[in-house]
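These numbers were taken from a predicted model, which means no experiment stands behind them. The analysis underlying the following values was restricted to heavy atoms, covering all of them including side chains, and did not include hydrogens, waters or symmetry mates.
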Amino acid sequence: MSLLHLPPELLRQIFDEVGSSFFHEDLGRLTICKWWCDFAVPVSLKRITVVPITLRTLVVSEAAKTPNKPKLKDSLEDLNVELGGRLRDVSTPSPEYLSEAAAFEETVNEENTENPIMGLINDLSKLANMAQQSRKLRVLRIRVRRLLPPDVDAVNPSVNYLLSSTIKAFLSLQNLDALVLDSFVGFPSPPGKQGEGGHICSVIRTLLPTLRTLHLRMRHICPDVLKPRDSDNRLRLEVVVVNLSLVSDVTAAMHSKRCGSRVGVLQLQADMKEQAEAIASRMASRKIVRIISITIPKLEVQSFDVLTGKTMIMEEDMGWDEDGKTVVEESEPESESEISSLSDF
């Protein structure tokens, strides 16, 4: 029997098995024919990765779609956002998309085309809005690195571009199964609204009742992020990893800082471990609960396994869930004075 004659429900299952990556590898695979496209496009939109150079085109193309074309919000299940690099990597949309979307002034305007930073800020806000409308979205990964001006040394100041209002919009999703938020940069307040950034940890904690996997690394963090609002119910969480180390980024900061406080690094590590133990006791099917941090003066990245009590040395480029070499003998206790410089970044 020809593929064309199979029942639609069976065809949808076949295309689902093929998966989004098949079409992302070669977009020409979407354009076999109109019949094929009707099944292929929704599948290609289930799992997407967005980087600065593709973000503008995505936002403009979604705004320009006619009602009969598949929308991202109707298909999206897994969103991966990778941000950072050089400002020159922030692109403007292709001419054909600009011509199609000319009527959408809120998307294509002078502010976006003449000021790439404002364009990026606005496009990220629109992407967050798309995510909020995506009722099938279950997996959200946001990895944020510094965005540097074009053609300058890496030591030059980075550019703030992911606002607190935008990251909170991303985190307002209530049906997530997995959240990975890995950020080496802070989330500044919107222009003209200094001091209105709010507490990101308190937003993340509202997601704890529905999540199964949580990976976190933020420039500012506190134990509140692992405190569920409901103190009685068991949690669906299976994996929790909080990474306090910032040493892999080209920055003066080596360790996360406590939100709104100058509490020392050792105290933050101890408090995070204590809260991790508390949340582990609430997890019905716990598999991994770890706190990753650094030691001084060796600057070793170590992972403390809450469930086993073991401490492991993590090699560069190891996954957060991977097991490193177990630390057999405890080193001499570090003092807050030894690492006081880490609290000043």
Side-chain angles (χ1 to χ4, degrees), residues 20 24 27 41 44-66 69-134 137 139-150 158-173 179-193 196-197 200:
S20 301
H24 296 167
L27 295 181
V41 171
S44 72
L45 295 177
K46 282 190 174 184
R47 295 172 180 82
I48 67 169
T49 295
V50 179
V51 297
I53 202 168
T54 62
L55 175 59
R56 179 71 60 84
T57 297
L58 172 66
V59 169
V60 174
S61 63
E62 281 294 307
K65 283 182 177 178
T66 57
K69 289 186 178 181
K71 287 274 192 176
L72 180 67
K73 65 183 181 67
D74 297 323
S75 300
L76 186 60
E77 297 177 3
D78 186 320
L79 175 60
N80 185 33
V81 183
E82 302 274 355
L83 302 173
R86 294 288 183 185
L87 185 55
R88 59 173 176 264
D89 296 328
V90 179
S91 72
T92 55
S94 57
E96 58 268 27
Y97 280 128
L98 284 173
S99 61
E100 287 181 13
F104 296 87
E105 295 183 0
E106 75 282 3
T107 301
V108 183
N109 51 47
E110 292 183 1
E111 185 178 60
N112 278 17
T113 56
E114 294 182 4
N115 186 334
I117 291 300
M118 287 307 303
L120 179 60
I121 289 173
N122 291 336
D123 288 344
L124 285 170
S125 178
K126 290 181 174 65
L127 180 62
N129 185 56
M130 292 181 206
Q132 289 177 314
Q133 298 178 45
S134 301
L137 183 58
V139 179
L140 176 64
R141 305 179 191 87
I142 302 178
R143 295 182 174 88
V144 190
R145 300 299 182 264
R146 297 194 303 164
L147 184 64
L148 297 166
S158 58
V159 178
N160 290 324
Y161 59 96
L162 185 55
L163 303 182
S164 58
S165 56
T166 302
I167 194 64
K168 286 194 288 187
F170 275 115
L171 297 175
S172 67
L173 306 172
L179 171 64
V180 176
L181 177 55
D182 182 8
S183 176
F184 282 91
V185 303
F187 307 119
S189 303
K193 298 182 179 179
E196 296 183 17
I200 303 299

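- Of the possible polar contacts, none joining the Lys46 side chain to the Asp78 backbone as a donor-acceptor pair under 3.5 Å is found.
- Remark: the backbone N or O of Val50 is not paired with any side-chain donor or acceptor of Thr54 at under 3.5 angstrom.
- Contact of the Leu79 side chain with the Phe170 side chain is registered, since non-hydrogen atoms from C-beta on lie closer than 4.5 Å.
- Note that CD1 of Ile121 and OH of Tyr161 are 10.5 Å apart. Values are rounded to the nearest 0.5 Å.
- Contact of the Leu83 side chain with the Pro52 side chain is registered, since non-hydrogen atoms from C-beta on lie closer than 4.5 Å.
- Within the 4.5 Å cutoff, the side chain of Leu72 has heavy atoms near those of the Ile48 side chain.
- Residues Lys168 and Ile200 are in side-chain contact: their nearest non-hydrogen atoms beyond the backbone lie under 4.5 Å apart.
- In this structure, CD1 on Ile167 lies 10.5 Å from OG on Ser172, to the nearest 0.5 angstrom.
- The CG atom of Leu137 sits 11.0 Å away from atom CZ of Arg47, with the distance rounded to the nearest 0.5 Å.
- You'll find the side chain of Leu55 reaches within 4.5 Å of the side chain of Leu127, heavy atoms only.
- The distance from the CZ atom of Phe187 to the CG atom of Leu171 is 8.0 Å, given to the nearest 0.5 Å.
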Inset, instruction - Given side-chain contact (heavy atoms from CB on, under 4.5 Å), test Met130 with Val59 step by step and report yes or no. - result: CA-CA 9 Å; Met130 292 181 206; Val59 169; 4.0 Å; yes
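- To the nearest 0.5 Å, atoms NZ (Lys69) and CG (Asp74) are separated by 14.5 Å.
- The shortest side-chain heavy-atom distance between Ser189 and Leu163 does not fall under the 4.5 Å cut-off.
- A donor-acceptor pair under 3.5 Å links the side-chain atoms of Ser61 to the main chain of Thr57, judged by distance alone.
- For the residue pair Arg143 / Asn80, a side-chain donor-acceptor distance below 3.5 Å is found, with atom types taken as modelled.
- Contact check for Asp182 versus Arg145: side-chain heavy atoms found under the 4.5 Å cut-off.
- A distance of 9.0 Å separates OG of Ser20 from CG of Leu76, quoted to the nearest 0.5 Å.
- Among all heavy-atom pairs drawn from Leu45 and Ser75, the shortest one is CB-CB, 3.8 Å.
- Looking at Leu173 and Leu179, their side chains never come closer than 4.5 Å, going by heavy atoms from C-beta outward.
- The closest side-chain donor-acceptor pair between Thr49 and Glu82, if any, does not fall under 3.5 angstrom.
- Looking at residues two or more places apart in sequence or on another chain, you find a side chain to side chain contact (heavy atoms under 4.5 Å, CB included) between Ser44 and Phe23, His24, Leu30, Val41.
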